Amino acid sequence: MEKNVLAVIAGREITEEELNAFIQRLPREQQMYATNPQFREHCKEQLIAMNVLAQCGVDEKLEETEEFQKLIADVKKDILAQLVLKNTLDAVTVSDEEAKEFFENNKQRYAKPATVSAKHILTDSEEKCNDILEKITSGEKEFEEAAKEFSTCPSGAQGGDLGEFGRGHMVKEFEEAAFAAEVGHVVGPVQTQFGYHLIKVEQKNDAKEADFEEVKEQIKAEALKQKQDKAYSDKVNELKAKYIQ
C-alpha cells in the first residue's frame, strides 16, 4: 500500500501513519478531535516541528553530550520500571469463583437500601404552606400544578419532583417525614433549615440484598484492584530484598 508522505526531513519521510500514532499518544480528551481537519493539520505541524528540532539536535551532536546521556538513562529506567509493573499487574486475574467469594464476604456493601420517590413544595412560611395544602386537599390544585406555581425550590419547574433517594441524602426532618409518609398522601408542613415543605411520596422501595450477577463486574473490578495492589507491594518488597544491599 502506498504511503501518504506528509513531509521529508533530512531524507526521512514523515507519514500519515506516524501522524496517527502521534495523535493516539495525546490525552484522551484531545483524541476525540482526531478526524477534524484543522486539528489534524495542527498536529501535523507539531509533529514536523518536533522532528526538525530533533534533526537539529543530531546535527549539533547533542547525543554526545553528558546531559543527553543522563536523560536517556532516566527515560530508560522509567520505561523498564513501567514494563515490569505492567507485566506484574497483567498477571493478576479474578475468576468468577473469587468474585463470588468476595461477594459473600462483603454482601452488606452491595445491599440495596430502602428508597422513596417523592415530590415536594417549598415555601418560606408555615402559613403559605398550609394555604397551598388546603388548595391541594380541596381539589382546587393538583400537587404538581401547585409546585410549579408556588414552590421556591428549582424542582418546582418539574412539578416538585426530587426523584428517588435513600436515607442520608436529605436533611433529617425531610427524610423522616418522607420515609414515614404513605404513598400518594401529602404530608406537611415539614420545617427544615430551608423552609416549610409539603411532601408527596410517589413510591417506596424496600431494602433488598443485591443479586450477584447484577454486581459481578463491579466486584471483579474491586477485587482486581485489591489483588493488583497486593501484587505491586509484594513485587516491590521482593525486589528490595534482592537488590538493596
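Fair warning: this is a prediction, and the values are worked out from it, not measured in the lab.
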Checklist entry - Side chains of Gln108 and Asn106: donor-acceptor distance under 3.5 Å anywhere? => result no
Next on the checklist: My understanding is that only residues two or more places apart in sequence, or in another chain, count here; which of them pass side chain to side chain donor-acceptor pair (under 3.5 Å) with Lys76?
Outcome noted: none
Next on the checklist: Within the supplied structure, the quantity of interest is the number of heavy atoms (other residues, nucleotides, ligands) at a distance under 6.0 Å from Glu67 CD; does it exceed 12?
Outcome noted: no
Next on the checklist: Can you tell me how far apart CD (Glu142) and NZ (Lys148) are? Round to the nearest 0.5 Å.
Outcome noted: 11.0 Å
Checklist entry - Just how far is it from atom CD of Glu16 to atom NZ of Lys44, taken to the nearest 0.5 Å? => result 9.0 Å
Next on the checklist: In terms of relative ring orientation, are Phe103 and Phe212 parallel, tilted or perpendicular, with 30° and 60° separating the classes?
Outcome noted: tilted
Checklist entry - With clusters built from Ile, Leu, Val, Met, Phe, Trp and Tyr whose side-chain heavy atoms come within less than 4.5 Å, directly or transitively, what are the remaining members of the cluster of Leu133, listed by chain and number? => result Ile121, Ile132, Ile136, Phe143, Phe150, Val186, Leu198
Checklist outcome for this item: When rounded to the nearest 0.5 Å, the distance separating CZ of Phe165 from CE of Met170 is 4.5 Å
Checklist entry - How long is the gap from OG1 on Thr88 to CG on Asp234, to the nearest 0.5 Å? => result 10.0 Å
Next on the checklist: Taking transitive links into account, so neighbours of neighbours count too, which hydrophobic residues share a cluster with Phe22 at under 4.5 Å side-chain distance?
Outcome noted: Leu6, Ile9, Ile14, Leu19, Ile23, Leu26, Met32, Tyr33, Phe39, Leu47, Ile48, Met50, Val52
Checklist entry - Under 3.5 Å, is there a donor-acceptor pair linking the side chains of Glu222 and Gln218? => result yes
Next on the checklist: Once salt bridge (Lys or Arg N to Asp or Glu O under 4.0 Å) is applied, do any residues pair with Glu145, and if so which ones, sequence neighbours excluded?
Outcome noted: Lys141
Next on the checklist: Quick check for you: to the nearest 0.5 Å, what is the distance between Glu134 atom CD and Cys129 atom SG?
Outcome noted: 12.5 Å
Checklist entry - At what distance, to the nearest 0.5 angstrom, does CD of Glu175 lie from CD of Glu173? => result 10.0 Å
Checklist outcome for this item: Tightest non-hydrogen contact, residues Asp161 and Lys119, listed as CA-CG, 3.7 Å
Next on the checklist: Whether the Ser151 and His120 side chains hold a donor-acceptor pair (N or O, under 3.5 Å, no angle test) is what I'd like checked.
Outcome noted: no
Checklist outcome for this item: Under a side-chain separation threshold of 4.5 Å, the hydrophobic residues clustered together with Val94 are Val92, Leu224
Checklist entry - How close do Asn205 and Glu164 get, heavy atom to heavy atom, and via which atoms? => result ND2-OE2, 3.4 Å
Checklist outcome for this item: Under a side-chain separation threshold of 4.5 Å, the hydrophobic residues clustered together with Val84 are none
